[in-house]
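Shown next, in structure tokens, is the structure this report addresses.
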Amino acid sequence: MRFTSLVVELIRARPRLVVWLVVLIQAALWLILPMLLYRSPPGDLAITLAFGREYQVGTWLGPPLAFWLADIAFRAAGNTMFGVYLLAQACAVGTFWIYYQLARAIVGGQQAVLAVLLSMTVVAFSSPGVEFGPLVLARPLWALLLLHSWQLIGQNRHNAWFAWSIEAGLLLLTTPAAPGLLLLLVGFAAATARGRRVLMSLDPLYALLVIVVLVLPYLIWLLRADALSMPPWPAISDLGARVLQWGWLLVGLVLAMSAIVLLAILNSGWFARNADDAPIIYRPPVDPLARDFVYFFALAPALLGSLIAGIFNLDHVAGGAGVALLMSGLAVIVASGDLIHLRRQRLLRTVWAGAVVAPAVAVVATILFLPWTGANEVPTSLPAKAIAQFFGDNFERRTNQRLRAVAGDPQLASFVAMSRGRPHLLLDATPERTPWLSVAKFNETGGVVVWRASDTSGAPPPDIAQRFPGLVPEVPRVFEWMVNGRQPLLRIGWAIVRPKAQ
């Protein structure tokens, strides 16, 4: 008798159950880990909350939807990061479930599970997914657009137009890369006979009308802010450096999906013994148009996004690595054939589990052990809650008024902006980026100015002292890291700008 593992039998008999189990377990991992180990929001999440608090139609950071949702989640959770982390994992769960629905429509339910399992190993869906923002919110919206685009082009389901138009409008309100992604969808449809038949109907006109209605306020803001112009093209002398940047971004994408490549190699039949005894995951033959659809959207967003990022010297792929690599797992499954033999099952399970857990282990090791190896700073170990509470309470005791604004070091100021009263953030070095508050208004209403102090005198840096003349520094406040290690304590200089009424 042939032995088949319980995992394979579950994939065959209960594919939806397997998807829900693995996706929810990964989401729980990346919900619990930040709550236990992160003392400050990762990346630019604090800035995201500060901008979301203002509910601007548009800012220099881009469309507003992700910032609004982040602030809503933060307030709904009692001004704690739990709501934002939960929202980020809800996006992850939604992305993979929608992705499973798309894969099932193309390769069937059993192989769709394998596509989800492979895509879960992409690094972009692990620790970077905790930092909620436009790049994270764009993932489920892009997955929905791909699902409904396939229903329109491949399955001729015209009732998907309304949902497609809503999702396109929301994506335009989420990321600046949305126009390019939508052009890819339209371009694929125009390049295929079935797609052209879909585009020749009246439904696209109604969809366009819905999209315009959704994005009209943001479009008006773009026109008023004169933000529709393209960034300047690089000079000829800079082209070499930009091409090198593009190459590094492509290398980064390949490394992000290295676990998929490793699993495909380990499952190959090159060195397998008794290959005929391996269990088989079967699918019906794939539609040639579906094959082209999967390959195109597995390659085009990655190549185009990295090229745009390289030309304009961006530090990440346009649209984000999660969008660029979303279809990578399904592309490998489609290329594997109608019959997929699961060889070396125990080794495959071990490697897959290691690829999913490895980013979490790296985060734990970075937070707990990196401070002991040198003076390197772990950004998520900054005591954001203690910083926000100290400066908010001190301003209220000194002035008998609620703290209304904070300025100075952008990172520290964004932490203070998360305090109980949610003061406004002023980027005093670039005040045009925070149009809701100016330096003059800040001096009138009062607030706190913070900076990193290098000594016990707490003198402000020259640039801050120039923007706030007459600033009287207080005694610097010292904060401990989560793990002090060999790094010095965090010393923050600060000063109170009293309201003009006082």
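Any value given below was found using the heavy atoms of this structure, including those in side chains, with hydrogens, waters and symmetry copies removed.
Side-chain contact between Cys91 and Leu137: present, with at least one pair of heavy atoms (C-beta onward) separated by less than 4.5 Å. Between Asp44 and Glu131 the shortest side-chain heavy-atom distance falls below 4.5 Å. Side-chain contact between Trp30 and Val363 is present, with at least one heavy-atom pair separated by less than 4.5 Å. The closest side-chain heavy-atom distance from Trp60 to Phe51 is below 4.5 Å. Side-chain contact check for Leu250 versus Leu303: some heavy-atom pair is nearer than 4.5 Å. The side-chain heavy atoms of Ile47 and Leu61, taken from C-beta on, include a pair separated by under 4.5 Å. Phe125 is not listed as a side-chain neighbour of Val23, based on a closest heavy-atom distance of 4.5 Å or more. The closest side-chain heavy-atom distance from Met257 to Leu118 is not below 4.5 Å.
Using modelled atom types, no side-chain atom of Ser119 and backbone atom of Val116 make a donor-acceptor pair closer than 3.5 Å. Judged by distance alone, the side chain of Asn484 and the main-chain N or O of Trp481 form a donor-acceptor pair under 3.5 Å. Counting only distance, with no hydrogens or angles, the side chain of Gln26 and the backbone of Ser126 share no donor-acceptor pair below 3.5 Å. Side chain of Ser40 to main chain of Pro379: a donor-acceptor pair is present (N/O by atom type, distance under 3.5 Å, no hydrogens or angles). Side-chain atoms of Arg139 never come within 3.5 Å of backbone atoms of Gly320 as a donor-acceptor pair (strictly under, hydrogens ignored). A donor-acceptor pair is defined here as one N or O able to donate and one able to accept, closer than 3.5 Å; such a pair exists between the side chain of Trp436 and the backbone of Leu425. Looking only at distances, no side-chain donor or acceptor of Tyr55 sits under 3.5 Å from a matching main-chain atom of Asp71. Between the Arg467 side chain and the Val439 main chain, no donor and acceptor come within less than 3.5 Å of each other.
In the displayed structure, Glu432 atom CD is contacted under 6.0 Å by more than 12 heavy atoms of other residues, nucleotides or ligands. Within a 6.0 Å radius of CZ in Arg452, other residues, nucleotides and ligands contribute more than 12 heavy atoms. Heavy-atom neighbours of Gln389 CD from other residues, nucleotides or ligands within 6.0 Å: at or below the threshold of 12.
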Query raised in the report: Hey, mind stepping through Asn394 and Trp494 against side chain to side chain contact (heavy atoms under 4.5 Å, CB included) and telling me if it holds?
Result: CA-CA 11 Å; Asn394 269 271; Trp494 61 292; 4.0 Å; yes
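No side-chain N or O of Trp352 forms a donor-acceptor pair with one of Thr121 less than 3.5 Å apart.
With ring centers used as reference points, Trp372 lies 6.0 Å or more from Phe369. You'll find the ring centres of Phe391 and Phe415 outside the 6.0 Å limit.
Rounding to the nearest 0.5 angstrom, the gap separating the CH2 atom in Trp68 from the CD atom in Gln56 is 9.5 Å. In this structure, Leu325 CG and Leu253 CG are separated by 5.0 Å, a value rounded to the nearest 0.5 Å. With rounding to the nearest 0.5 Å, the separation of CG in Leu370 from CD in Gln487 is 8.0 Å.
The shortest heavy-atom contact between Ala388 and Met418 is CB-C, 4.5 Å. Of all heavy-atom pairs between Arg491 and Asp455, the closest is CD-O, 3.1 Å. Scanning both residues, Ala495 and Pro473, for their nearest heavy atoms gives CB-CA, 4.0 Å. Leu427 and Arg433 make their closest contact through CD1-CB, 4.2 Å (heavy atoms, listed as atom of the first residue, atom of the second, distance). In plain terms, the two heavy atoms of Pro423 and Ala405 that are nearest each other are CB-N, 3.6 Å. Taking all atoms of both residues into account, the shortest heavy-atom contact from Ala124 to Gly322 is CB-N, 3.7 Å.
Between Trp142 and Phe297, the ring planes lie perpendicular to each other; the angle is over 60°, past the 30° to 60° tilted range. Taking the six-membered ring where tryptophan is involved, the planes of Tyr218 and Trp221 are essentially parallel, since the angle between them stays under 30° and well short of 60°.
Take Phe74 and apply the ring-ring contact (aromatic ring centres under 6.0 Å, His included) test, not counting sequence neighbours, and it matches no residue.
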